[in-house]
Asks: 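Sharing a structure here in structure tokens format.
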Amino acid sequence: MRKDFLTFGNPLIEQPEIDEVVDSLKSGWLGTGPKVKKFEELFGKYKGVKYAVALNSCTAALHLALLAIGIKPKDEVIVPAMTFVATANVVIHAGGTPVLADCEKGTMNIDPADVEKKITKKTKAVIPVHMAGRSCDMDAVMALAKKYNLKVVEDAAHAVETEYRGKKAGTFGDIGCFSFYATKNLVTGEGGMAITNNGEYADKMRILSLHGISADAWQRFGSDGYKHYQAIYPGYKYNMMDLQAALGIHQLKKIDKHWARRQEIWNKYNEAFKNLLVFLPAQIEPNTKHAYHLYTLLLNIDNLKITRDQFLEKMTKNNIGVGVHFIAVHMHQYYRDRFGYKKGDFLSAEWISERTVSLPLSPKLTDDDVNDVITAVTDVLNQQRK
Ligand SMILES: *Cc1c(COP(=O)(O)O)cnc(C)c1O
């Protein structure tokens with residue numbers, strides 16, 4: 001057994017990131033300044049969009065995206081039952097009602113057929129989530145949006161590198177939202193980005209992200225002299241700091257290198273686990289690019305003596321950090337209490353919820369780390385066959 005604990009989602013931070021943060025500290029621009037601007041330009045260019053607005057989280061990006069497209073009280077927004085709770089929480093923040101749709105068992109992504117069943121006169125938008133870095137069926141989602149006149153906000157928290165039929169994730173809908181949280185593919189500690197080709201949406205999100213005032217601090221206190229500002233909305237405090245962008249600028253430069261390493265680990269896991277009592281991640285769809293954000297096994301618990309949670313415990317005892325992505329939204333207390341959701345409402349999301357386990361997939365993993373994960377998973381599963 002390995003001696004030290006292998007942390008799940010350990011980011012790979014190297015000297016260029018460290019030097020850039022130190023440069024920010026020395027320059028005195030800690031808040032939103034030139035590095036945020038540069039990171040926005042680089043990310044917008046990477047995605048091929050007109051506007052990129054850097055924020056302090058993907059949750060903030062999703063919230064502002066819903067405000068920008070005009071979600072109001074009583075509006076319904078369809079979100080997958082299989083996602084992180086933030087995807088649904090933001091609909092409530094914006095004053096709307098989240099309406100859940102089930103996912104496809106194999107891909108874990110939102111099921112367009114169930115989305116269509118959930119559409120009412122009040123439905124204004126849908127938030128597809130590219131689970132684990134695999135693109136949703138965007139042809140089907142965009143066809144529904146067109147048919148029912150819905151806005152689309154993509155939760156691309158897992159999907160910086162994702163592409164679907166030659167088009168980049170986050171550029172299908174009206175606004176695409178990304179996360180740079182410490183465990184994500186591109187990390188700034190905490191951080192997020194909203195991208196769009198709509199200038200009005202971009203302006204509104206930018207203004208709302210900083211108190212609702214019409215000029216940001218960098219412009220206010222820059223070398224052109226002090227400028228007055230006007231509050232035009234009761235805004236939020238969602239802006240990204242230069243200290244965070246300093247990390248992002250260099251993380252983005254290494255995006256392909258890190259992706260290639262995760263792909264290598266992914267393929268090694270697939271080969272190692274193919275005969276165990278698990279369902280492997282769905283095969284990569286042709287003409288798409290998977291972001292390889294989460295390597296998720298679905299445990300064949302019907303043929304195992306242990307539950308998923310007992311498997312997690314055993315992995316931890318073996319010094320391997322693991323994650324669960326996710327417990328379905330409708331199984332959370334708040335969603336059960338407020339909306340009356342219950343077990344049995346979303347069968348595919350529940351099926352995944354009870355079986356899913358994510359293994360370490362950071363580009364920081366050494367070959368020895370990867371072998372330690374493989375050994376632990378193989379030993380535990382083989383010992384627990386029924
Ligand atoms: C991580 C995550 C978020 C939230 O991202 P933050 O940057 O932590 O706010 C939203 N949606 C999904 C699917 C996520 O995995």
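Read the numbers this way: they start at 1 and go in the same order the structure lists the ligands and their atoms. Keep in mind the model is a prediction, meaning the values are calculated, not measured.
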Asks: Pick one: which of Lys26, Lys35, Lys38, Lys253 meets salt bridge (charged side-chain N to carboxylate O under 4.0 Å, His left out) with Glu20?
Replies: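 Result: among Lys26, Lys35, Lys38, Lys253, Lys35 is the only option passing the salt bridge (charged side-chain N to carboxylate O under 4.0 Å, His left out) with Glu20.
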
Asks: Thinking salt bridges, do Glu264 and Lys268 make one under a 4.0 Å N-O criterion?
Replies: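 Here Glu264 does not pair with Lys268 in a salt bridge, since their nearest N and O are not under 4.0 Å apart.
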
Asks: What pairs of residues pass the ring-ring contact (aromatic ring centres under 6.0 Å, His included) test when at least one of them lies in residues 347-386, not counting sequence neighbours?
Replies: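 Counting only pairs at least two positions apart or across chains, the ring-ring contact (aromatic ring centres under 6.0 Å, His included) contacts touching residues 347-386 are Phe279-Trp351.
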
Asks: Starting from the N and O atoms of ligand 1, find every protein N or O within less than 3.5 Å and list the pair with its distance.
Replies:
unit_1, atom_1, unit_2, atom_2, d
ligand 1, 5 (O), Ser179, OG, 3.3
ligand 1, 7 (O), Cys58, N, 2.9
ligand 1, 7 (O), Ser179, OG, 2.7
ligand 1, 9 (O), Cys58, N, 3.3
ligand 1, 9 (O), Thr59, N, 2.9
ligand 1, 9 (O), Thr59, OG1, 2.5
ligand 1, 11 (N), Asp155, OD1, 3.3
ligand 1, 11 (N), Asp155, OD2, 2.7
ligand 1, 15 (O), His158, NE2, 2.6
ligand 1, 15 (O), Lys184, NZ, 3.2

Asks: Could you tell me the separation between the CE atom of Met240 and the OG atom of Ser57, rounded to the nearest 0.5 Å?
Replies: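 Interatomic distance, Met240 CE to Ser57 OG, rounded to 0.5 Å: 9.5 Å.
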
Asks: Any heavy-atom pair between the side chains of Met82 and Ser353 that's under 4.5 Å?
Replies: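 Yes, side chains in contact.
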
Asks: Cation-pi between Lys289 and Trp259: NZ/CZ under 6.0 Å from ring centre and within 45° of the ring axis?
Replies: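 Geometry flag: set, cation within 6.0 Å and 45°.
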
